[in-house]
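Chain A is the first sequence line, chain B the second, and so forth, proteins listed ahead of strands; every chain is numbered from 1.
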Protein chains: 2
Amino acid sequence: MSRGTRSGTREEILDAAARLFAATGFKGTSLQDIAGEVGCSKAALLYHFDGKDAILTELLAPPLEALATLDARLAGLGDDAVQLAAVEGYVDLVMRFRREVTVLYDDMPALLQRPAFAGVQEMSDRLLDALAARSPDPAARITALMVLGSVPVVCMKPTEIGDDELRSILTRSAARTLDLRRA
Amino acid sequence: MSRGTRSGTREEILDAAARLFAATGFKGTSLQDIAGEVGCSKAALLYHFDGKDAILTELLAPPLEALATLDARLAGLGDDAVQLAAVEGYVDLVMRFRREVTVLYDDMPALLQRPAFAGVQEMSDRLLDALAARSPDPAARITALMVLGSVPVVCMKPTEIGDDELRSILTRSAARTLDLRRA
DNA sequence: GTCTATAGCCGGATAGAC
DNA sequence: GTCTATCCGGCTATAGAC
C-alpha cells in the first residue's frame, strides 16, 4: 500500500464509511455519522483523510482497479469469446465488491462526473459493448444494458443462498437474457 | 384534481423538479436549483408546495397509483398467468413513467422509508413474487429480482429506437431471463 | 494523533412587503 | 401570487490546544 503506517483507525473509518454510504448514500451520510460509528470526532476523520471525497475515492479504488483489469482482459479477446468472458467477469466483479457497488449505485450520476472517476464511463461503455458481443444491433445493446443493471440489484439484496450458487445463477440467467449460446 | 386553480406555475415547478431530480437526484437538487430553472424564487416554490418533500410526493403520485392498479390486477390472476402479466405490466409501468422511475431510483432506500410511500415495499414484494410465478425457489426469486432491476436501467437511458420496439424487446428479454415459456 | 471550538457555507423554511 | 429579507439548522472544513 502507498501509506506505510497501518494505524488501524484508517481501516475502521473506511469500514464504517462503507457501511454507512451503502445504507444511506454518500450525500446522505455526514462526517458526524461516520465519526459516531467509529467512535471518534469529525476532526479525527479529517486528520486521516483530506475530506469526505477522499474517503469515497479510497473506498472505491479497489473495485475501479478491478474494473480496469477486466477492461484490459476483454480488450484482448475476439468477438465470440468476449461475450461470455464479459458476463463472468462482470458477475465476479460485482459480487466481489458488493458493498462498494451499492455505494456507487446510490449517487451514480453525480459520482461519475468526478475527476477521480475519469475513464469509468468509457470502461462501462466497452463492457456494454462486450456484453453485446460488439454487435451494433440495438436489441443486443439493450439486453446488454439489462444485464448491466440486473446483476448489481441482486448483489445488493442480502440472500439466503451461498455465494457460489448465487454466482452460478446470475451467470446463467444473464446468459439467457443475452440469448448467449453455450460455448 | 383536488386543487381547482390551474395556475400553470405549479405544473412548471413539477416539470422542472422532475427534470432536476432525475438528473441530479432528490438530495442532490436544492430548492434554489428548481427556482432557478423555473425562473422564480425559493419562496414562490414554497407558496405552491408545502415543502420539498411535498413536491416529490406529488410528482410520484401517478406512478404509485399505477403500481397499485397493477398490484390489484395481478392479485386476481392464477399462478400460471401471473408471470407473463407481471412482466408486461411492469415493463409498461416503467416505460410510462420513465422520468419518475429515474427519480425513485436515485434515492430509493431513503425514499421508501417515508410515510407517503407506505405500502410500496409490500407491492414491490408482491410484484417480485408474481415475476417468480409465486415460486419459493431461490433461483426463481433471483431471476425475478434481475428483471426488476434490468427494466428501469434501460428506460433511464435515452435510446435511438422507438418506444414500441423497446417495449417489445424488454418484454421478450425479460421473459428469457425468467425462462418463461410462451403461452 | 486526537480533541474542542469555531468559522463559513448552503440548505430548507418563515415573515412580511408589494 | 410573488417577491425580499432573514432565520435556523446541519454540513464540511480549519485552527489550535493537549
Are A/Asp163 and A/Arg98 close enough, and set up right, to give a salt bridge (Lys or Arg N to Asp or Glu O under 4.0 Å), and what steps lead you there? CA-CA 11 Å; A/Asp163 277 12; A/Arg98 283 181 203 217; 2.7 Å; yes
Which residues satisfy the side chain to side chain donor-acceptor pair (under 3.5 Å) test with [X], sequence neighbours excluded?
| X | result |
| --- | --- |
| A/Asp164 | none |
| B/Glu58 | B/Arg10 |
| B/Lys27 | B/Asp107 |
| B/Arg19 | B/Asp15, B/Glu37 |

Just the rounded figure in Å: distance from [atom2] of [N] to [atom1] of [X].
| X | N | atom1 | atom2 | answer |
| --- | --- | --- | --- | --- |
| B/Lys27 | D/dC11 | NZ | P | 13 Å |
| A/Leu20 | D/dC11 | CG | P | 13 Å |
| B/His48 | C/dA13 | NE2 | C1' | 16 Å |
| A/Ile13 | D/dT12 | CD1 | P | 14 Å |
| A/Phe49 | D/dT12 | CZ | C1' | 16 Å |

After noting the C-alpha distance and the side-chain angles of B/Glu165 and A/Ile142, does the key distance pass the side chain to side chain contact (heavy atoms under 4.5 Å, CB included) rule? CA-CA 11 Å; B/Glu165 193 180 349; A/Ile142 286 168; over 6 Å; no
Candidate pair B/Asp129 and B/Arg141, rule side chain to side chain contact (heavy atoms under 4.5 Å, CB included), full reasoning: CA-CA 7 Å; B/Asp129 213 45; B/Arg141 304 206 80 225; 4.3 Å; yes
Given 3.5 Å as the limit, does a donor-acceptor pair link the side chain of A/Thr159 with the main chain of A/Cys155, or not?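 A pair under 3.5 Å: no.
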Would you tell me if any nitrogen or oxygen in the side chain of [X] comes within less than 4.0 Å of OP1 or OP2 on [N]?
| X | N | value |
| --- | --- | --- |
| A/Gln32 | D/dC11 | yes |
| A/Tyr47 | C/dT2 | no |
| A/Thr9 | C/dG1 | no |

Please classify the nucleic acid contact of B/Ser41 as base, sugar-phosphate, or nothing, using heavy-atom distances under 4.0 Å.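 Base: the residue B/Ser41, judged by heavy atoms under 4.0 Å, touches a nucleobase.
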Work out how much the helix from C/dG1-D/dC18 to C/dC18-D/dG1 bends between its end axes, five pairs an end, to the nearest 10 degrees.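 One end's axis against the other's: 0°.
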Going 5' to 3' through nucleotides 13-18 of chain D, assign each nucleotide B (protein heavy atom under 4.0 Å from a base atom), S (under 4.0 Å only from sugar-phosphate atoms) or - (no protein heavy atom that close). BB----
N-O pairing of A/Asp92 and A/Arg96 below 4.0 Å: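 Yes, A/Asp92 and A/Arg96 are salt-bridged.
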